[in-house]
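Just below is one structure, and these are the notes that go with it.
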Amino acid sequence: MALIGRIRERAVLMVVVIALALLAFLLMDVLNSGGSAFGTDPTAIGTIDGETISAVEYDRQVRQALDNEQRNSPGSLTDRRRLQIRESVWNNYTQNILAKKEYKKLGLAVTEDERVDLFTSENAHPSVKGAAAFKDPETQEFDPSLVIQYIKSMDDPSMDPAQAQNLKNNWKVYEEFIVNDQMKKKYAGLVKQGVYMPSWYVTEDHKNKNRKASIEYVNIPYTNVTDDQVSFTDSDLSAYLKDNRQKYTREANRSMDYVTFPILPSGQDSTDAEVMLAQKVNEFANTNDDSLFVKMNSDAPYNPVYTPVNRFNSNVKNQILGLNKGGTFGPYLESGSYKVAKMVDRRSVADSVKSSIILRKISATQSPQQAKAVIDSIRTVLNAGGDFEALASKHSEDSSAGNGGDRGWAKTSSFSQPYTNAIFYEGVQGDVMTRRVPLGWALIRIDESTPSVEAVKVIYATRNVEASSRTRDDIFAQANQFASSNQSSSSFTTAAEENGYTVASANNVLQNQFDLSGLGVAEQLVTWLNKSYVGDVSQAFELDDKFVVATTTAINPAGLQSVSAMRSELETEVLKLKKAEFLKSQISGTDLAAIASANNTEVKTADNVNFAAGAVSGLGSEPKVNAVIFGLEQGQVSAPIVGQRGVILVKPTSFEAATELTDVEASRTTATTALRAAVNSNLLPALAKSVEFVDNRYVSR
């Protein structure tokens, strides 16, 4: 009872203690999670201008974009392309978040009447009007009734519910795209109306672009001064850094050193490939189905094309061309593969062919089936006596449409393989063939063809010399052993030197950068780098044809970079300035010939130097030189100019004034139109740069 009494006496103190404990618990949870205890969105991966960026919505848009890519360009989705698409989606998504805030501020909207017009009027959105599904099959003109018909079809009770829902979901996304694009146009339109180009600027710009000068100059290269003739301190580097803040202000970034372990085939791998192919030579020589044999036994696809003898390239050309029909040669090693060549046929083919095409491209608005259907309908018209040139002019999506589909004369290397095969090897003069080509479906007509050169059809069974799984495992074990045995930067560097490994560097790597010079696509490695501490050593990462082990050497926050982070660049620039000061101190007088002689160089000339060009013939890009020239009098020698590669002195020998601008208003209109056109692509990216933007995608990888 006494204890309870004491507790009651100190009730206020206990309440305070408990409250503090609860607060500490909440703060600990906040600090550990990296977020806020109030209103945190656990799916957020960043913010833009205070608006949350949702990981769920971002991932949804990425999946949709990747699906579209696979549907429209099957087989093209490499790791690099996948990451490029993710980056593009990110930019569009975040810019749209920001844009919607601007639309709201300005009171911009798309009314219901506008929405209807965007899909079902003659002023429909270009994406709607260009969709093959909404074009009349006969006239290929936009038909609004087909849009209405398509929308109604989604409510057809006979349609599978899951399919109907999928169509509705896709249509909703498509409709949002159209409406958002219309809003962008309205917003850009408002900004464009604020673009103004004054007449004085147009006149001055015309003068700058058209006045010219002839000059004499002396360029004293920095290589005339050895590095040990000048010196600098860290104070010089710091001063240069501060004087060039804008140049060295960067996003948050990190640097690392790394060692690569190339995944190369061993001698045993090469022998295994040769033996494996040698065992198939007799079967290859005697098979009646070359296509099936190559498909089952070769690392390279079956490619039954004729090659003119005068363009046949191989290390063993004479041996192959000397084969009889059905004969084989090999295995032989060429371009990293063992090959067996088989002579299939010889014939005369045309050296060049004149052809015409009607092409329907595969795109986001025209599927392969739709493109083929249009080509088939055009072929039907042709068979009924239609004019090829007229049909090409009206329906072809090839650049030759304006010439009635005429592609002119071409040799075998001019076009894609399917097109080349058709006009050189599969048809004769006068034939019209339907073919699938890389861009879509096409009608191809051979206009003129005269066989004149000998060609051979040689097919190959190929076995690539590649690192086996055994070899790959051995190399991985080597890389993994290096990583596990050297868990500090100092140990990493020492062990690399002892083993003769080359240590390379990747500096100033941005948080969401995925493509590194010298390494290629390295998303996982960059993710590790962003989560590491200075001195950490990574595990072995596999990147295409190599394993990589890295150590973190620097973590640089956003803003003006430190001297240590930019030392290499700063030393290069400061060394150049110190050499410039040294060279300037050695120059006396204004006699260019004497100055050139004293510095082991010569006086050179340049004509038609243009103020606005920023470059001088013989000097390259030297904007400072151009600026100085047109501030001098004829015959006046400039003071020494610190250039990109040396100290330069220049003397104008003559000037040519710009012709008078006769129609200022027309030029002003042209310049204004060009400036307004740039608004479309630059407006939202510029807006995004003007607000606070936090991108934490790397955290969730």
Side-chain angles (χ1 to χ4, degrees), residues 36 38-41 43-62 64-65 87-131 134 142 144 147-148 150-151 168-198 364-365 668-669 671-696:
S36 167
F38 308 101
T40 295
D41 180 354
T43 71
I45 51 172
T47 60
I48 183 166
D49 197 27
E51 292 289 318
T52 296
I53 303 171
S54 167
V56 174
E57 177 58 20
Y58 170 56
D59 286 342
R60 184 193 71 77
Q61 293 187 23
V62 168
Q64 183 181 44
E87 200 65 22
S88 176
V89 169
W90 175 261
N91 290 335
N92 289 334
Y93 175 38
T94 54
Q95 288 171 16
N96 282 336
I97 292 174
L98 196 57
K100 287 176 181 178
K101 292 186 69 174
E102 294 298 305
Y103 303 157
K104 188 174 181 180
K105 290 178 188 175
L106 296 168
L108 295 177
V110 173
T111 66
E112 191 57 37
D113 287 343
E114 279 184 279
R115 188 184 292 257
V116 172
D117 283 346
L118 285 170
F119 291 92
T120 59
S121 75
E122 287 303 317
N123 296 318
H125 189 277
S127 177
V128 178
K129 295 185 76 171
F134 305 139
F142 172 64
V147 181
I148 298 171
Y150 181 85
I151 295 172
K168 289 178 181 178
N169 290 341
N170 289 339
W171 180 259
K172 181 181 178 182
V173 172
Y174 184 58
E175 190 174 358
E176 286 177 358
F177 162 75
I178 300 297
V179 172
N180 284 339
D181 193 58
Q182 184 67 6
M183 291 288 281
K184 285 180 184 178
K185 289 178 180 177
K186 287 189 175 188
Y187 181 40
L190 290 175
V191 175
K192 288 177 183 180
Q193 292 307 308
V195 172
Y196 175 74
M197 182 68 69
T365 57
R668 193 176 73 82
T669 299
T672 301
T673 301
L675 195 57
R676 286 177 175 173
V679 170
N680 292 330
S681 58
N682 295 328
L683 178 56
L684 291 182
L687 191 63
K689 289 180 180 179
S690 69
V691 299
E692 186 176 350
F693 193 174
V694 178
D695 178 356
N696 285 331

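- Ser54 and Tyr93 share no side-chain donor-acceptor pair at under 3.5 Å.
- His125 and Phe177 have perpendicular rings, their planes meeting at more than 60° on a 0 to 90° scale where under 30° would count as parallel.
- Open room surrounds NZ on Lys100; 12 or fewer heavy atoms of other groups in view lie less than 6.0 Å from it.
- Summarising the geometry of Ala109 relative to Glu114, their closest heavy-atom pair is O-OE1, 3.6 Å, with the distance given to 0.1 Å.
- When all heavy atoms are compared, the tightest approach of Ala99 to Leu684 is CB-CD2, 3.7 Å.
- Side-chain contact between Leu98 and Val691 is present, with at least one heavy-atom pair separated by less than 4.5 Å.
- Salt-bridge annotation for Glu175 and Lys172: absent, with no side-chain N of the basic residue lying under 4.0 Å from a carboxylate O of the acidic one.
- For the atom pair CD of Gln182 and OG1 of Thr111, the computed distance is 9.5 Å after rounding to the nearest 0.5 Å.
- Screening Thr52, Asp49, Ile48 for a side-chain contact (heavy atoms from CB on, under 4.5 Å) with Ile97, the sole residue that qualifies is Ile48.
- Considering all non-hydrogen atoms of both residues, Lys129 and Ala124 come closest at CD-O, 3.4 Å.
- A distance of 5.0 Å separates CG of Leu687 from CD of Glu102, quoted to the nearest 0.5 Å.
- Annotation: side chain of Tyr196 is in contact with side chain of Arg668 (closest heavy-atom distance under 4.5 Å).
- Here the side chains of Ile178 and Ser127 are in contact, with some heavy-atom distance below 4.5 Å.
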How far apart are the C-alpha atoms of Thr47 and Glu692, what are their side-chain angles, what is the distance that settles it, and do they pass the side-chain contact (heavy atoms from CB on, under 4.5 Å) test? CA-CA 8 Å; Thr47 60; Glu692 186 176 350; 5.7 Å; no
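- Residues Val110 and Tyr103 are not in side-chain contact: their nearest non-hydrogen atoms beyond the backbone lie 4.5 Å or more apart.
- Leu118 has its side chain out of reach of Asn123: every pair of non-hydrogen atoms, C-beta onward, lies at least 4.5 Å apart.
- Of all heavy-atom pairs between Val89 and Ala65, the closest is CG2-CB, 3.7 Å.
- In this structure, CG on Leu108 lies 9.0 Å from OH on Tyr187, to the nearest 0.5 angstrom.
- Put simply, the side chain of Phe119 does not reach to within 4.5 Å of the side chain of Phe134, judged on heavy atoms.
- Nearest approach of Ala55 to Ile45, heavy atoms of both residues: CB-CG2, 3.5 Å.
- Interatomic distance, Gln61 CD to Asn96 CG, rounded to the nearest 0.5 Å: 7.5 Å.
- Once rounded to the nearest 0.5 Å, the distance linking CG of Leu683 with NZ of Lys192 reads 9.5 Å.
- Annotation: side chain of Thr94 is not in contact with side chain of Asp695 (no heavy-atom distance under 4.5 Å).
- With rounding to the nearest 0.5 Å, the separation of CH2 in Trp90 from CD1 in Ile53 is 4.0 Å.
- In this structure, the side chains of Tyr58 and Val62 come closer than 4.5 Å at one or more pairs of heavy atoms.
- Residues Val195 and Arg676 approach most closely at O-NH2, 3.2 Å, considering heavy atoms.
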